[in-house]
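One structure is given here, and the rest of the page talks about it.
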Amino acid sequence: MFKAAYHLRSPKRRETSVVFASPHSACDYPAAFLARTLPDALAMRSSEDAFVDRLFAPAPDHGAPLLLAGAPRAFVDLNRSADELDPALIEGARHHGHNPRIASGLGVIPRVVAGGRVIYDGKLSMQEARKRIDHYWRPYHAALTAQMDAAHKAFGNAVLIDCHSMPHEALDGTVRSGSRRPDVVLGDRFGASASREVTERIEAAFTDAGLSVARNTPFAGAYITQTYGRPPRGRHAVQIEIDRALYMDERSVTPNANFEAFAAVMADVIARLADIGRPVQMPLAAE
């Protein structure tokens, strides 16, 4: 249904242990898929990280690979475990105790898009779910694992920048009165998926660019950071959530008037992030 499970943009020469990846920015919605769904194409896009692939496009220019999903999040969510199957959507899926992601309809095969809008009129077969996982989820994670392994072999460490965006309203109720609203939320699972030094350097890259940063609230990182972040082994993973209002119109899912200016800011941030994994900067050995 989709042309590829993932797209890998490699640098001409690998110069850093940093790996950039965007699991939710795919925006291909074939007619055959949309014919089976209840929301229209625009509503389906509400759950994707629109334009994040464009914002992080300069990564290969700084010696780092950029891995992009080929299928959209509404079809298969690459930031979920392959066994997070929703019994309310998948025929024959078993209950695995309380899982808030599955309960809210956001398992590996999502039941809803943003705003709780139901995607399908009825259930999907287990065969269909397994097909999506085998054809899209597994190849993406095999590619991501290969990039992390290659970085670790070449540099003695690997740093994953897991690139996402967040709705502007996601921070409503989380900002104290009188405090500046965060532009970026970093998720390192409260220190479990990355060393303090790595997270601090990532935060500095954003704050030095004039952006306000919060950590782990309300996004601490999900399956990808939990799986790929192993600081004692020299493997670090930090989830980055960027406020969509900084660069896009969320209603129409189009770049806003500030897109090019913000993309220029991000180009400088990406250069700083890539520097984290350069051997001359800091050998991020296992702790």
Review point. Has the side chain of D188 got a donor or acceptor atom that lies under 3.5 Å from a matching backbone atom of V238?
Key: no
Check your understanding: So, does R14 use its side chain to make a donor-acceptor pair with the main chain of P11 at under 3.5 Å?
Key -> no
Review point. Do H24 and D77 have side-chain heavy atoms sitting under 4.5 Å apart?
Key: yes
Practice item. Check whether the side chains of Y228 and H141 place a donor and an acceptor atom closer than 3.5 Å, and report yes or no. Key: yes
Review point. Has the side chain of E250 got a donor or acceptor atom that lies under 3.5 Å from a matching backbone atom of H168?
Key: yes
Point to revise | L8 side chain reached by Q147 side chain, heavy atoms, under 4.5 Å | key: yes
Check your understanding: Taking S17 for the side chain and A158 for the main chain, is one N or O donor matched with an acceptor at less than 3.5 Å?
Key -> no
Check your understanding: Does atom CZ of F219 have more than 12 heavy-atom neighbours from other groups under 6.0 Å away?
Key -> yes
Practice item. Indicate yes or no: at least one non-hydrogen side-chain atom of L68 is less than 4.5 angstrom from one of S25. Key: yes
Point to revise | Heavy-atom donor-acceptor pair, R230 side chain to Q226 backbone, under 3.5 Å | key: yes
Exercise for review: Locate the shortest heavy-atom distance separating E48 from A26; write the atom from each residue and the value.
Suggested key: OE1-O, 3.5 Å
Review point. In terms of side-chain heavy atoms, does D183 have a donor or acceptor partner in S212 at a distance below 3.5 Å?
Key: yes
Check your understanding: Roughly how far, to the nearest 0.5 Å, is CG of D243 from OG of S165?
Key -> 9.0 Å
Exercise for review: Measure the shortest side-chain to side-chain distance between F262 and I242 over non-hydrogen atoms and say whether it is less than 4.5 angstrom.
Suggested key: yes
**Study point:** CG (D40) with more than 12 external heavy atoms under 6.0 Å
**Key:** yes
Practice item. Kindly write out the residues that satisfy salt bridge (charged side-chain N to carboxylate O under 4.0 Å, His left out) with E91, not counting sequence neighbours, or none if the list is empty. Key: none
Check your understanding: How many angstroms lie between CG in L144 and CD1 in I224, if you round to the nearest 0.5 Å?
Key -> 6.5 Å
Practice item. State whether D275 and R272 are salt-bridged, where the test is any N-O pair (Lys NZ or Arg NE/NH1/NH2 against Asp/Glu carboxylate O) under 4.0 Å. Key: no
Practice item. Determine whether R130 and L85 make a side-chain contact, defined as any pair of heavy atoms from C-beta on separated by less than 4.5 Å. Key: yes
Check your understanding: Are I109 and I102 connected, step by step, through hydrophobic side chains (Ile, Leu, Val, Met, Phe, Trp, Tyr) whose heavy atoms are closer than 4.5 Å?
Key -> no
Review point. Do you know the tightest heavy-atom contact between Q239 and A222?
Key: OE1-N, 3.6 Å
Check your understanding: Within a strict 4.5 Å, meaning less than it, do heavy atoms of the R36 and L124 side chains meet?
Key -> yes
**Study point:** side-chain contact (heavy atoms from CB on, under 4.5 Å) assessment of T16 paired with I276
**Key:** CA-CA 8 Å; T16 173; I276 293 172; over 6 Å; no
Point to revise | Co-members of the apolar cluster containing L106 [side chain, <4.5 Å] | key: L38, V112, V118
Point to revise | Step-by-step side-chain contact (heavy atoms from CB on, under 4.5 Å) determination, N79 to H164 | key: CA-CA 10 Å; N79 200 21; H164 297 261; 3.8 Å; yes
Point to revise | Steps toward side-chain contact (heavy atoms from CB on, under 4.5 Å) verdict (M266, R54) | key: CA-CA 10 Å; M266 283 300 301; R54 289 173 56 180; over 6 Å; no
Exercise for review: Report yes or no: is the cationic atom of R132 (NZ for Lys, CZ for Arg) closer than 6.0 Å to the six-membered ring centre of F75, at no more than 45° off its axis?
Suggested key: yes
Review point. Is the shortest side-chain N to carboxylate O distance from D172 to R181 below 4.0 Å?
Key: yes
Review point. Using the ring of each side chain (for Trp, its six-membered ring), is F33 parallel, tilted or perpendicular to Y29, with breaks at 30° and 60°?
Key: parallel
Check your understanding: Taking all non-hydrogen atoms of both residues, which atom of P23 and which atom of A69 are closest, and how far apart?
Key -> O-CB, 3.4 Å
Exercise for review: Can you measure from OG (S193) to CZ (R235) and round to the nearest 0.5 angstrom?
Suggested key: 14.0 Å
Exercise for review: Taking all non-hydrogen atoms of both residues into account, name the closest pair between V113 and A43 and its distance.
Suggested key: CG2-O, 3.9 Å
**Study point:** Side chain K12, main chain P60, donor-acceptor under 3.5 Å
**Key:** no
Point to revise | Selection residues 99-113 - residue pairs positive for side-chain hydrogen bond (donor to acceptor under 3.5 Å, both in side chains), sequence neighbours left out | key: E84-N99, E84-R101, D86-R111
Review point. Same cluster or not: are I202 and F190 linked, directly or through other Ile, Leu, Val, Met, Phe, Trp or Tyr residues, by side-chain heavy atoms under 4.5 angstrom apart?
Key: no
Review point. Any idea how Y247 and F259 line up, ring-wise: parallel (<30°), tilted (30 to 60°), or perpendicular (>60°)?
Key: perpendicular
Point to revise | Side-chain donor or acceptor of T254 paired with backbone N/O of D249 under 3.5 Å | key: no
Point to revise | Separation of Y140 OH from T145 OG1 (nearest 0.5 Å) | key: 10.5 Å
Check your understanding: Which heavy atom of S81 sits nearest a heavy atom of D83, and at what distance?
Key -> OG-OD1, 2.6 Å
Check your understanding: Does Y223 share a hydrophobic cluster with V19, counting links as ILVMFWY side-chain heavy atoms below 4.5 Å and allowing steps through other members?
Key -> yes
Review point. What's the shortest heavy-atom distance between T199 and A194, and which atoms?
Key: OG1-CB, 3.7 Å
Practice item. Carefully, step by step, assess L186 and I240 under the rule side-chain contact (heavy atoms from CB on, under 4.5 Å). Key: CA-CA 5 Å; L186 304 181; I240 295 176; 3.8 Å; yes
Practice item. Report yes if some heavy atom in the side chain of E169 is under 4.5 Å from a heavy atom in the side chain of R244; otherwise report no. Key: no
Check your understanding: Heavy-atom distance under 4.5 Å between the side chains of H236 and E197, does that happen here?
Key -> no
Review point. Would you say N256's side chain and A245's backbone share a donor-acceptor pair under 3.5 angstrom?
Key: yes
Point to revise | N258 side-chain N/O to L246 backbone N/O, donor-acceptor pair under 3.5 Å | key: yes
Practice item. Could you grab the distance from atom CD of E15 to atom CZ of F155, nearest 0.5 Å is fine? Key: 8.0 Å
Exercise for review: Please check if I119 and L34 belong to a single hydrophobic cluster, counting links between Ile, Leu, Val, Met, Phe, Trp and Tyr side chain heavy atoms closer than 4.5 Å.
Suggested key: yes
Exercise for review: Report the distance from atom CD of E200 to atom CZ of R215, rounding to the nearest 0.5 Å.
Suggested key: 5.5 Å
